Protein chains: 2
Amino acid sequence: MAVTIKDVAKLSGVSISTVSRVINDSKPVSPEVKRKVLEVIEEIGYKPNEIARTLVTKKSYLIGVIVTDLADSYVADMVRGIEEIGKMYNYDILLCSSYGDKEAELKYIQLLNRKQVEGMILISSTLDDEVDKKVSEYDIPFVYLSRYSKSEKYPTVSIDYHFAAYEMTKYLISLGHEKIGYVGYLEDENSTQYEKINGYKRAMNEMELDSSHIFKTKGLNIREGYSALNNSLTENGVTALLCSSDKIAIGALNYCYDNNIKTPEDISIVGFGDIQIASLIRPKLTTVKEPFYDIGAVAIRKIIKELSKEPSEEKHIKLPYQIQKRDSSRKL
Amino acid sequence: MAVTIKDVAKLSGVSISTVSRVINDSKPVSPEVKRKVLEVIEEIGYKPNEIARTLVTKKSYLIGVIVTDLADSYVADMVRGIEEIGKMYNYDILLCSSYGDKEAELKYIQLLNRKQVEGMILISSTLDDEVDKKVSEYDIPFVYLSRYSKSEKYPTVSIDYHFAAYEMTKYLISLGHEKIGYVGYLEDENSTQYEKINGYKRAMNEMELDSSHIFKTKGLNIREGYSALNNSLTENGVTALLCSSDKIAIGALNYCYDNNIKTPEDISIVGFGDIQIASLIRPKLTTVKEPFYDIGAVAIRKIIKELSKEPSEEKHIKLPYQIQKRDSSRKL
DNA sequence: TTGAAAGCGGTACCAA
DNA sequence: TTGGTACCGCTTTCAA
């Protein structure tokens, strides 16, 4: 059995109250007593039991984080931001991976609550109705992080997808491209995918360019970016492709590589996200840099603020993005 | 204030002992009482406080995981394995990132202990002496996971790097290559890097081939793989490169790409690890697949076994690896 | 400045 | 099958 506050009290010949006071610096303790207690603590290597402490103070210093999949580098980046800022305020994170399964999300939300987390962050592509309901049952700060879905009800942290897509399209136009295609997943009406395509269309329309070269993908992965193109690409003479995500852009890049269409010589391809591989692959991908780490950081900061009853700022925070110009795009 | 076991007891007209029994199914309870209690629990949405429970049972169902950096996909993969298997046994993970800072590791080891984790997994390139010492202070199951360092003292899970390198070299030889270079970081004597280079040398010596084409890197990252090559590569007519890690291999690949040396036409390049990008870049990288997910899974399983007092198997577990033949290598 | 004692929300033993 | 109660390790009144 580990040493407890009682052992310290006994060995230093004081009450546990006094020991508690010295370890917490909560109330004045005479110097000699303090010294003695500290000495004993050092000697027997006493470490307060945080569980016991939590039980009485109600502060677990735990934040629950439910993610879809750590294998997605952007998720890992968000978690890094969450963790690092959390640590600055002595918070630890309890991690759960749902792999996109809403039952799992539901289960973890309950689990984390039983473990007395003080706040929760959910990173998930879509916000399921039941999950939404379950979250509202609990009365702890919550932030919803998603690259795809929006939520009015819960606080979110993201970038302005519409403007980002708009700006990126303008950039391609400035490079001299006129036949610019859009590649993306367009199933869910309420998703950020629509903000992106609208940004694209707006930029195209402003310049009176044809915004009808839409390549619909069947999903959000590399494979689907690859197969959305097929042979329709070369037929209509598109010279640039705005992809709704880096994965899709990489799929497109691979498609071109395999079909002897050179990037960026024959076609410019740009992505969205700036996930890790974006700058690792060759050619390096031109893309919209979403500040994943910062998104995580801001999310947990928001939670911690709420926890300390500070007036919380706006509910939906938009962070700045950047247009990362690299090698997969060039002047026509 | 959330509802407690007392509320349930009061509302169902029984003692808290009885309520405890029904929620834990620990002792027989008459059907009617049970039904009634369950009803009340459902009605007021009672959820046991795990913190209170932990305090008395000493079971926190928490495993502490200290990692270097989640941004490394192999780390994320290990954590996934840890988390997924942990969840099967109701364990949750408390995550800490050290970013390679040993002070941070030290701090987190203590922190996790105060939070009453039942076991700990450390993922770190090197096992610092002080960290080693600190770990031994605590009496909980511990596993050390590293791709670079070895530890006799603590349980580990890895692959047989010597054989893997040996086998990969043999594979390159079987492709007709004779001038095979080795690219790797060779500073730390006690590292797995030496097992790899020895595997390489053994394979080369067995075929009486020259094993002196060693390119020393100054680190383990892409950049260092890139710069280790410089112009020495083409001079000596090496036709294949065995790299000690995928990152280094990618650096090599990039070096070749930038210097107009075609892979695999002019040179075959193979890596070690099979991290995520290995199969995403073009050409897809031939590499030794280290089962990161499984390594994490086996590590936590080992901890859970120890926790349940099962006889633990061997201390240092070696998992099978695979030679992933892809596009960055070909017949000479 | 100190100690005693009442909890925090549970579990588990003992007696009924 | 049940209830009473001690206790887990700590914080925090309240009195001294």
Side-chain angles (χ1 to χ4, degrees), chain A residues 1-38 40-41 44-62 90 110-118 138, chain B residues 1-38 40-41 44-62 90 110-118 138:
Chain A
M1 190 61 61
V3 298
T4 73
I5 197 170
K6 280 185 192 164
D7 302 314
V8 178
K10 202 165 297 169
L11 287 170
S12 15
V14 298
S15 71
I16 62 169
S17 321
T18 303
V19 177
S20 175
R21 279 168 201 133
V22 353
I23 60 184
N24 291 306
D25 244 335
S26 48
K27 288 267 174 80
V29 173
S30 74
E32 318 94 82
V33 173
K34 185 166 183 172
R35 206 185 36 69
K36 176 63 183 169
V37 171
L38 254 14
V40 172
I41 286 179
I44 65 177
Y46 167 72
K47 299 281 181 307
N49 179 328
E50 293 293 335
I51 293 289
R53 204 172 245 178
T54 297
L55 186 58
V56 20
T57 60
K58 305 288 173 221
K59 284 205 69 63
S60 65
Y61 285 102
L62 248 29
N90 292 316
Q110 296 196 69
L111 180 75
L112 291 172
N113 272 283
R114 292 154 91 112
K115 296 242 179 192
Q116 309 302 118
V117 297
E118 294 183 44
Y138 299 99
Chain B
M1 188 61 62
V3 299
T4 73
I5 197 170
K6 281 184 192 165
D7 302 314
V8 179
K10 200 165 298 169
L11 287 170
S12 15
V14 299
S15 71
I16 61 169
S17 321
T18 303
V19 177
S20 176
R21 278 168 202 133
V22 352
I23 61 185
N24 292 305
D25 245 334
S26 49
K27 288 270 174 77
V29 173
S30 75
E32 318 93 85
V33 173
K34 185 166 182 173
R35 207 184 36 69
K36 176 64 182 166
V37 171
L38 255 14
V40 171
I41 287 179
I44 65 178
Y46 166 72
K47 298 281 182 307
N49 179 328
E50 292 294 334
I51 293 290
R53 205 173 243 178
T54 297
L55 187 58
V56 19
T57 61
K58 305 291 173 218
K59 285 205 68 63
S60 65
Y61 286 102
L62 248 30
N90 291 317
Q110 296 194 71
L111 179 77
L112 291 171
N113 271 282
R114 292 154 92 113
K115 295 242 178 189
Q116 310 302 116
V117 297
E118 295 182 44
Y138 299 98

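Fair warning: this is a prediction, and the values are worked out from it, not measured in the lab. To find a chain, count down the sequence lines: A is the first, B the second, and so on, and within it residues start at 1.
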Minimal non-hydrogen separation, B/L62 against A/K115, with atom names: CD1-NZ, 3.5 Å

Nucleic acid footprint by protein, nucleotides 2-7 of chain C - heavy-atom cut-off 4.0 Å, B for base, S for sugar-phosphate alone: BBBB--

Once you round it to whole Å, what is the distance between C1' of D/dC10 and NZ of B/K115? 15 Å

Can you tell me the distance, in whole Å, between the CZ atom of B/R114 and the P atom of D/dT11? 10 Å

Quick check: does any side chain N or O of B/S60 sit under 3.5 Å from a backbone N or O of B/Q116, one acting as donor and the other as acceptor? yes

Any B/N49 side-chain N or O less than 4.0 Å from OP1/OP2 of C/dC8: no

In whole Å, I'd like the distance from the CG atom of A/N24 to the C1' atom of D/dT11. 7 Å

Would you say A/S12's side chain and A/V14's backbone share a donor-acceptor pair under 3.5 angstrom? no

A/K59: partners by side chain to side chain contact (heavy atoms under 4.5 Å, CB included), with sequence neighbours left out: A/T57, A/Y61, A/Y91, A/E118

Using whole Å, report how far CZ of B/R53 lies from P of D/dG9. 18 Å

Kindly say whether A/E50 contributes a backbone atom to a donor-acceptor pair with the side chain of A/T54 at under 3.5 angstrom? yes

Rounded off to whole Å, could you give me the CD1-to-P distance for the A/I51 and C/dC8 pair? 18 Å

Can you measure A/I5 atom CD1 to D/dC10 atom P for me and round it to whole angstrom units? 5 Å

Would you say A/S20 and A/S17 are linked by a side-chain donor-acceptor pair, where the criterion is simply a distance under 3.5 Å? no

Nearest heavy-atom contact between B/N49 and B/I51 is OD1-N, 2.7 Å

If you compare all heavy atoms of A/K36 against all heavy atoms of A/L11, which two are closest, and at what distance to 0.1 Å? CE-O, 4.1 Å

Integer-rounded Å distance: C/dA12 P and B/D25 CG: 13 Å

Computed from five pairs at either end and rounded to 10 degrees, the angle between the axes of the helix from C/dT1-D/dA16 to C/dA16-D/dT1 is 40°

Across the strands shown, which category fits A/K59 at heavy-atom distances under 4.0 angstrom: base, sugar-phosphate, nothing? nothing

For a side-chain contact (heavy atoms from CB on, under 4.5 Å) check, start with the C-alpha distance between A/I23 and A/Y46, then their side-chain angles and the critical distance, and finish with the verdict. CA-CA 10 Å; A/I23 60 184; A/Y46 167 72; 4.0 Å; yes

Separation of atom NZ in B/K10 from atom P in C/dG9, rounded to whole Å: 12 Å

